[in-house]
Amino acid sequence: EYYPSPQHSIRFGGQATHHLFKPGITAIRYNDTQTERTDTSFGSTNIPAFETSVYAEDDWEITKHLKLNAGINWSQ
């Protein structure tokens, strides 16, 4: 947070997250005797992903009867 004056405050920040996905498939099948058979297979490749976001917000008391709140958020 940043306070340039008592009537003006600015907030900002960011975030970063690293994901590692391990895809796989699980299939459950029943045969004629209603016996359950589970078949599980996993891929040999892990899939990495990176997620980021930043934001900024401005609270400004322009006059005694007029206030402004504006902000922006960006994510990838």
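Just so it is clear, the model here is predicted, and its values are computed rather than measured.
- For Ser75, the side chain to side chain donor-acceptor pair (under 3.5 Å) criterion is met by no residue, not counting sequence neighbours.
- Minimum heavy-atom separation, Pro23 to Ile47: CG-CD1, 4.0 Å.
- For Gln76, there are no side chain to side chain donor-acceptor pair (under 3.5 Å) partners two or more places apart in sequence or in a different chain.
- Under the rule for a side chain to side chain donor-acceptor pair (under 3.5 Å), His18 has no partner lying at least two apart in sequence or in another chain.
- Legend: residues meeting side chain to side chain donor-acceptor pair (under 3.5 Å) with Tyr2, ordered by chain and number and at least two apart, are absent.
- For Leu20, the CG atom counts as densely surrounded, since its 6.0 Å shell holds more than 12 non-hydrogen atoms of other residues, nucleotides or ligands.
- Annotation: the span from Gln7 atom CD to Thr63 atom OG1 amounts to 10.5 Å, rounded to 0.5 Å.
- The list of ring-ring contact (aromatic ring centres under 6.0 Å, His included) pairs with a residue in residues 51-73, not counting sequence neighbours, reads His8-Trp60.
- Atom CD of Glu61 sits about 9.5 Å away from atom CG of Leu66, to the nearest 0.5 Å.
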Could you list the donor-acceptor pairs under 3.5 angstrom formed between side-chain atoms of residues 10-17 and any protein atom two or more places apart in sequence or on another chain?
| from | atom 1 | to | atom 2 | distance (Å) |
| --- | --- | --- | --- | --- |
| Arg11 | NH1 | Glu57 | OE1 | 3.4 |
| Arg11 | NH1 | Asp59 | OD2 | 2.8 |
| Arg11 | NH2 | Asp59 | OD2 | 3.2 |
| Gln15 | NE2 | Thr17 | OG1 | 3.2 |

